[in-house]
Amino acid sequence: MTPASISTVLRDRSLAPGLRAIAEKVYAGQRITPEEGLHLYEEAPLGYLGALANFIREEKHGDKTYFNRNFHIEPTNVCLYTCTFCSYSRRIKKREDGWEYSLEEIMDIVKKYDDQPVTEVHIVGGVLPQYDVPFYAELFRRIRAHRPDLHVKALTPVEYHYIFKKAKISYEEGMALMKEAGLQSMPGGGAEIFHPEIRDQIAGGKCSGDEWLRIHEVWHNLGMRSNATMLYGHIEKFWHRVDHLEQLRALQDKTGGFQTFIPLKFRNQNNELSHLSESSVVEDLRNYAIGRIYLDNFDHVKAYWPMIGKTTAQLSLSFGVDDIDGTIDDTTRIYSMAGAEQNPALSTEQLVKMIRAVGRHPIERGTLYEVITDFRDVEFSDEKQYRGYTALPVV
Ligand code: V47
Ligand code: SF4
């Protein structure tokens, strides 16, 4: 597809010189600096950002928009840590209000999906002492033995740092052990904001930004892939976001192991930061776009629709996003407990229609972006109403 929108931006004689220089760089496939990243956050209008991010998105993927069929397992909602943004965890002191599944109970959940065409199980939850290295190694082994075709994407450096420290083993030993037990990839959670000025206030006590990055590096060095998130829209300033993006980009230069960047919008219900207002949809779209522009070495940018809602997810597809996560059912409570208004359940047909409704080309992918079903020519019986829509104009 031709980069019509970015050409329009470049033809605009009234464009401020700083923004013009960045647009020219993006058009030439060059990397922007941290100063330019900050300039985008502070000054760039939404339409301009959309034009640049959409140019990159279409250079990389055309209209292709990915989703997968997955389900979530949250072994517990009790946690030793007390992140102030977290609506989900029941403090260890109020343990009786939460759930703590045993290995057998988790396997029962896995088995519930035996006759369903899901390709991935995403496991993440609170941190508790009984969930240690032997527990998770046994869990991964059992899942892989039970259903070898199911990709195990599990835990974050928050859990790994805790369990390896407790077991007195290095990150290298620990991640090798997890790989051997059947772990196939690592989701992007627990990143929050890396800079200690913010991290210490919102996620004190859990792994630091450097430790989070180091565990991903060790995992990548084993030839494995992972994702990266950024929790934004709370107490951080724009420069903290740029710092976060810069650290992700630098590690990706070293390892190439990240697949997808997933900005996570802070949701404000039922947590200690409820007094903060949430970012606007405009700010969410600007943030997706800047993530896409900054992370030139990441293949994918994902909008996690259960958190931002279906409409913003559709809009995001014109602001750099090429992936809208999965056809998850109601097995994740992280966002519904934090105030996301959506019931996180969408069938494959609904997801495909959602993507097509904004003129994009839906592809069901596996965790590693292998194509499972290309929906370009698959038509559902009542779909005529969606024909004729085109991609949102971004000028
Ligand atoms: O680490 C917790 C975030 C993350 C809130 O890799 C919140 O494919 C907003 O990482 N408001 C877990 N965010 C979810 C996650 C994820 C989700 C989907 C796909 C992938 C992937 C990863 O959720 C946590 C934390 O950063 N979170 N509470 C809140 N109130
Ligand atoms: Fe625990 Fe994760 Fe919630 Fe922090 S965000 S309290 S580590 S479950």
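Just so you know, ligand 1 is whichever comes first in the structure, and atom 1 is the first atom listed for that ligand. Side chains included, hydrogens not; waters and symmetry mates left out as well; all remaining heavy atoms used.
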Item to check | Electrostatic pair Glu58-Arg360, nearest N-O below 4.0 angstrom | outcome: yes
Item to check | Any Gln269 heavy atom less than 4.0 Å from ligand 1 | outcome: no
Next on the checklist: In this structure, does ligand 1 have an atom that sits under 4.0 Å from one of the heavy atoms of Leu264?
Outcome noted: yes
Checklist entry - Short list, please: which atoms of ligand 1 are under 4.0 Å from a heavy atom of Gly189? => result 1 (O), 10 (O)
Item to check | Where ligand 1 meets Lys265 - atom numbers and elements under 4.0 angstrom, heavy-atom basis | outcome: 9 (C), 11 (N)
Item to check | Residue and atom names of protein N/O/S atoms that fall under 2.8 Å from atom 4 (Fe) of ligand 2 | outcome: Cys83 SG
Checklist entry - With backbone taken as N, CA, C and O and side chain as the heavy atoms from C-beta onward, which portion of Phe85 lies under 4.0 Å from ligand 1: side chain, backbone, both, or neither? => result both
Item to check | Residue part near ligand 1, for Asp325, under 4.0 Å between non-hydrogen atoms | outcome: side chain
Next on the checklist: Is it true that His234 and Asn268 share a donor-acceptor pair across their side chains at a distance under 3.5 Å?
Outcome noted: no
Next on the checklist: Quiz question: by atom type and distance under 3.5 Å, do the side chains of Thr65 and Arg57 form a donor-acceptor pair?
Outcome noted: yes
Item to check | Closest non-hydrogen atom pair, Val124 against Pro75 | outcome: O-CD, 3.8 Å
Item to check | Contacts of His300 that satisfy ring pair (Phe, Tyr, Trp, His ring centres under 6.0 Å) - sequence neighbours left out | outcome: His61, Tyr66, Tyr369
Checklist entry - Any chance the rings of His220 and Phe258 have centres within less than 6.0 Å? => result yes
